[in-house]
Chemist: 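Sharing a structure below in structure tokens format, with a few things to ask.
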Amino acid sequence: ETGVTQTPRHLVMGMTNKKSLKCEQHLGHNAMYWYKQSAKKPLELMFVYNFKEQTENNSVPSRFSPECPNSSHLFLHLHTLQPEDSALYLCASSQDREETQYFGPGTRLLVL
Amino acid sequence: AQTVTQSQPEMSVQEAETVTLSCTYDTSESDYYLFWYKQPPSRQMILVIRQEAYKQQNATENRFSVNFQKAAKSFSLKISDSQLGDAAMYFCAYRSWNNDMRFGAGTRLTVKP
């Protein structure tokens with residue numbers, strides 16, 4: 001499945017590091033999403049972008065900073081994270097907000 | 001806020017048999033969408049099936065079908081003729097009229113050869 005790609009697939013970082021997660025979709029979609037998936041918890045929607053504009057921020061701490069330079073690319077900039085931020089971060093895209101979301105493979109993040 | 005409950009953390013099925021995964025949700029809305037997603041060990045979340053709440057007919061996709069009971073707010077997934085490749089985490093999801101998406105905690109399905 002190459003419709004939605006995410007890099008890196010695995011990331012280990014210290015609490016003082018700055019890193020970025022990248023998501024790219026090749027489906028011509030207009031909406032993109034960041035989700036956090038922690039063990040034994042439902043997926044948590046973090047951010048939504050529709051036509052490059054952020055339309056939702058579900059009370060996410062400021063140490064997570066999204067960026068959407070165009071409809072095909074979405075970034076999640078990380079700085080001064082906490083160990084509890086360790087999780088699988090999933091990117092998704094959809095044609096419009098009303099349409100079905102398609103997911104990337106995720107980035108497994110470990111914060112030490 | 002809408003909630004989605006999957007009461008079965010783990011399920012097991014024999015290859016070629018049928019298994020049903022449960023999902024219930026809480027909502028006051030009349031128009032919404034329901035989804036089942038599959039997340040294999042590779043972790044790519046894949047859409048399995050989708051149901052529009054205004055449609056009374058249950059959605060079907062090959063070996064996958066749903067039993068949508070709107071009044072009971074129940075949306076179970078039936079997998080027929082289970083295959084080894086069906087082993088995965090299955091997530092039930094609800095999308096409201098304002099496109100807010102909620103996921104259940106997931107059910108881990110094991111398929112025994």
Side-chain angles (χ1 to χ4, degrees), chain A residues 1-11 21 23-27 29-51 53-59 87-109, chain B residues 1-10 21-27 29 31-55 59 61 64 66 75 85 88-108:
Chain A
E1 182 64 50
T2 59
V4 182
T5 58
Q6 290 186 243
T7 54
R9 294 293 305 274
H10 302 272
L11 178 62
L21 309 184
C23 175
E24 184 173 2
Q25 58 94 1
H26 312 272
L27 302 170
H29 290 168
N30 297 313
M32 296 187 77
Y33 313 79
W34 279 117
Y35 286 89
K36 177 183 179 182
Q37 186 177 25
S38 304
K40 299 182 180 180
K41 291 177 65 177
L43 269 74
E44 301 170 60
L45 180 64
M46 300 175 71
F47 300 105
V48 181
Y49 277 82
N50 198 23
F51 288 96
E53 298 296 321
Q54 184 175 312
T55 58
E56 269 184 65
N57 173 345
N58 282 355
S59 303
L88 181 69
Y89 288 84
L90 291 167
C91 174
S93 71
S94 62
Q95 181 58 46
D96 298 294
R97 284 284 277 128
E98 299 81 18
E99 296 299 318
T100 299
Q101 295 178 26
Y102 294 87
F103 286 80
T107 295
R108 171 65 66 186
L109 174 67
Chain B
Q2 296 82 14
T3 56
V4 179
T5 302
Q6 292 178 249
S7 59
Q8 307 152 316
E10 296 183 356
L21 308 184
S22 301
C23 174
T24 59
Y25 55 94
D26 182 30
T27 186
E29 299 174 339
D31 194 17
Y32 48 86
Y33 291 84
L34 296 164
F35 305 84
W36 277 100
Y37 280 91
K38 169 186 176 182
Q39 189 179 37
S42 66
R43 293 203 167 96
Q44 185 108 29
M45 193 93 76
I46 303 164
L47 177 68
V48 174
I49 202 164
R50 157 185 161 141
Q51 173 82 43
E52 292 88 345
Y54 62 85
K55 290 187 177 179
E61 285 289 341
F64 298 88
V66 298
F75 183 62
M89 282 289 288
Y90 285 82
F91 293 94
C92 178
Y94 171 104
R95 195 181 77 209
S96 64
W97 66 271
N98 66 350
N99 299 314
D100 185 24
M101 196 85 158
R102 303 278 173 169
F103 287 81
T107 296
R108 181 174 302 282

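Letters A, B, ... are given to chains in the order of the sequence lines, protein chains preceding strands, and every chain is numbered from 1.
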Chemist: Chain B heavy atoms under 4.5 Å from A/Y33: which part of the residue, side chain, backbone, both or neither?
Modeler: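 Neither part; nothing is under 4.5 Å.
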Chemist: Rounded to the nearest 0.5 Å, what's the gap from CG on A/L90 to CE on B/M45? Could you check?
Modeler: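 Result: 5.0 Å between the selected atoms.
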Chemist: Drop me the distance from A/Y35's OH to B/M101's CE, to the nearest 0.5 angstrom.
Modeler: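 Answer for the OH-CE pair, A/Y35 versus B/M101, is 5.0 Å.
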Chemist: If you look at every heavy atom in B/Q44 and A/P105, which pair is closest and at what distance?
Modeler: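 Minimum heavy-atom contact is OE1-CB, 3.6 Å.
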Chemist: When rounded to the nearest 0.5 angstrom, what distance separates CD1 in B/I46 from CZ in A/F103?
Modeler: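 Spacing of CD1 (B/I46) from CZ (A/F103) equals 11.5 Å.
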Chemist: Given a strict heavy-atom distance threshold of 4.5 Å, which part of A/Q37 is in contact with chain B: side chain, backbone, both, or neither?
Modeler: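 Contact with chain B: side chain only.
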Chemist: Kindly indicate whether the side chain of A/L88, heavy atoms from C-beta on, has any atom under 4.5 Å from the side chain of B/Q39.
Modeler: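 When only atoms from C-beta onward are counted, B/Q39 and A/L88 do touch, with a gap below 4.5 Å.
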Chemist: In Å, rounded to the nearest 0.5 Å, how long is the span from CZ of B/R95 to CD of A/E99?
Modeler: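 It is 7.0 Å, given to the nearest 0.5 Å.
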